[in-house]
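Presented below is the structure to which this report refers.
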Amino acid sequence: MNTVAQRTARKLLATLVAGLVMGSALVAMSTSSSQAAGWGTISDRSVNKVLSSRSWTTLRPAFSTAANVRYRYCVTLRGRGTVNLQPQAFSTETSVNNSSYVTRCTKSYRGPANRFTPTAARIGDGAVRVGRIKVQRWYAGSVPG
């Protein structure tokens with residue numbers, strides 16, 4: 001014997017439960033996506049320098065690393081040529097052949113706490129301009145916004 005009131009109450013309860021389940025799923029999806037591991041930028045500076053093949057160009061003041069945290073730096077480059085990015089802990093050679101800026105990142109460094117001064121030089125012929133440098137660290141949990 002189902003009365004109209006009982007059927008209405010069951011439908012209302014089912015609707016509420018479905019709404020709670022969907023709401024919980026949305027919350028779970030939104031928090032899990034913000035907790036994805038990845039690279040986060042800790043410093044972003046303008047450089048706007050043309051690299052020489054005869055001397056090293058300092059790209060920014062020294063930055064400090066924490067022990068056993070993975071770091072790298074990325075530069076935006078424009079022009080044509082091969083670039084050597086240093087110091088040795090990040091040592092990377094990369095080529096560019098583009099009239100628009102493109103981003104190139106160094107290999108990553110993880111080790112004892114240290115201070116590094118990013119430098120770069122052009123290898124051989126060409127003309128390469130560095131627009132910006134971003135120092136990044138790896139976040140195993142959520143990447144700060």
Side-chain angles (χ1 to χ4, degrees), residues 6-145:
Q6 288 173 327
R7 284 193 300 265
T8 304
R10 276 196 294 271
K11 284 183 184 178
L12 180 60
L13 182 61
T15 303
L16 287 172
V17 168
L20 286 172
V21 168
M22 288 175 46
S24 297
L26 285 173
V27 168
M29 287 188 326
S30 67
T31 56
S32 65
S33 64
S34 68
Q35 293 185 4
W39 291 103
T41 299
I42 59 173
S43 173
D44 182 358
R45 293 182 184 233
S46 176
V47 177
N48 200 27
K49 292 183 180 178
V50 175
L51 299 179
S52 168
S53 62
R54 296 191 238 304
S55 62
W56 291 97
T57 300
T58 299
L59 302 178
R60 59 153 287 145
F63 66 93
S64 297
T65 61
N68 296 315
V69 176
R70 192 171 302 280
Y71 292 86
R72 71 178 184 183
Y73 70 88
C74 301
V75 291
T76 57
L77 303 169
R78 178 173 74 181
R80 182 183 60 80
T82 301
V83 175
N84 185 345
L85 301 169
Q86 293 291 326
Q88 187 171 358
F90 298 93
S91 180
T92 301
E93 281 188 16
T94 186
S95 295
V96 62
N97 187 8
N98 205 321
S99 59
S100 299
Y101 281 106
V102 294
T103 301
R104 301 287 190 262
C105 296
T106 63
K107 71 179 186 179
S108 61
Y109 165 81
R110 180 180 176 173
N114 211 329
R115 285 184 58 77
F116 295 102
T117 302
T119 58
R122 192 184 75 245
I123 300 171
D125 294 334
V128 179
R129 176 177 294 276
V130 179
R132 300 194 71 78
I133 180 171
K134 293 183 180 187
V135 177
Q136 298 181 322
R137 67 167 279 179
W138 179 260
Y139 290 92
S142 60
V143 178

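Atoms considered below: every heavy atom in the structure, side chains included; atoms not considered: hydrogens, waters and symmetry mates. Numbering starts at 1 and runs along the sequence shown.
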ring-ring contact (aromatic ring centres under 6.0 Å, His included) between Y109 and F116, intermediate numbers included: CA-CA 11 Å; Y109 165 81; F116 295 102; 4.9 Å; yes
N/O donor-acceptor pair under 3.5 Å between K134 side chain and T76 backbone: no
Under 3.5 Å, which donor-acceptor pairs do the side chains of residues 61-71 form with other protein atoms, sequence neighbours left out?
unit_1: S64; atom_1: OG; unit_2: R115; atom_2: NH1; d: 2.9
unit_1: T65; atom_1: OG1; unit_2: N114; atom_2: N; d: 3.1
unit_1: T65; atom_1: OG1; unit_2: N114; atom_2: O; d: 3.3
unit_1: R70; atom_1: NH1; unit_2: S108; atom_2: OG; d: 3.1
unit_1: Y71; atom_1: OH; unit_2: A66; atom_2: N; d: 3.1

Sequence neighbours excluded, every pair satisfying salt bridge (Lys or Arg N to Asp or Glu O under 4.0 Å) that has a member inside residues 123-132: D44-R132
Least distance between heavy atoms, G124 atom then S53 atom: O-CB, 3.9 Å
Reported OG1-to-CG distance for the pair T57 and L51, which is rounded to 0.5 angstrom: 5.0 Å
Under 3.5 Å donor-acceptor, T92 side chain and K107 backbone: yes
List the atom pairs, with distances to 0.1 Å, where a side-chain N or O of residues 94-103 and a protein N or O form a donor-acceptor pair under 3.5 Å, not counting sequence neighbours.
unit_1: T94; atom_1: OG1; unit_2: R104; atom_2: NE; d: 3.3
unit_1: S95; atom_1: OG; unit_2: T82; atom_2: OG1; d: 3.2
unit_1: N98; atom_1: OD1; unit_2: S100; atom_2: N; d: 3.0

Distance, nearest 0.5 Å, that separates CD1 of I133 from CG of L59: 4.5 Å
Value rounded to 0.5 Å, distance of CZ in R72 from CH2 in W39: 5.0 Å
SG on C74 to CZ on F90, rounded to 0.5 Å: 10.5 Å
Separation of S55 OG from R122 CZ (nearest 0.5 Å): 10.0 Å
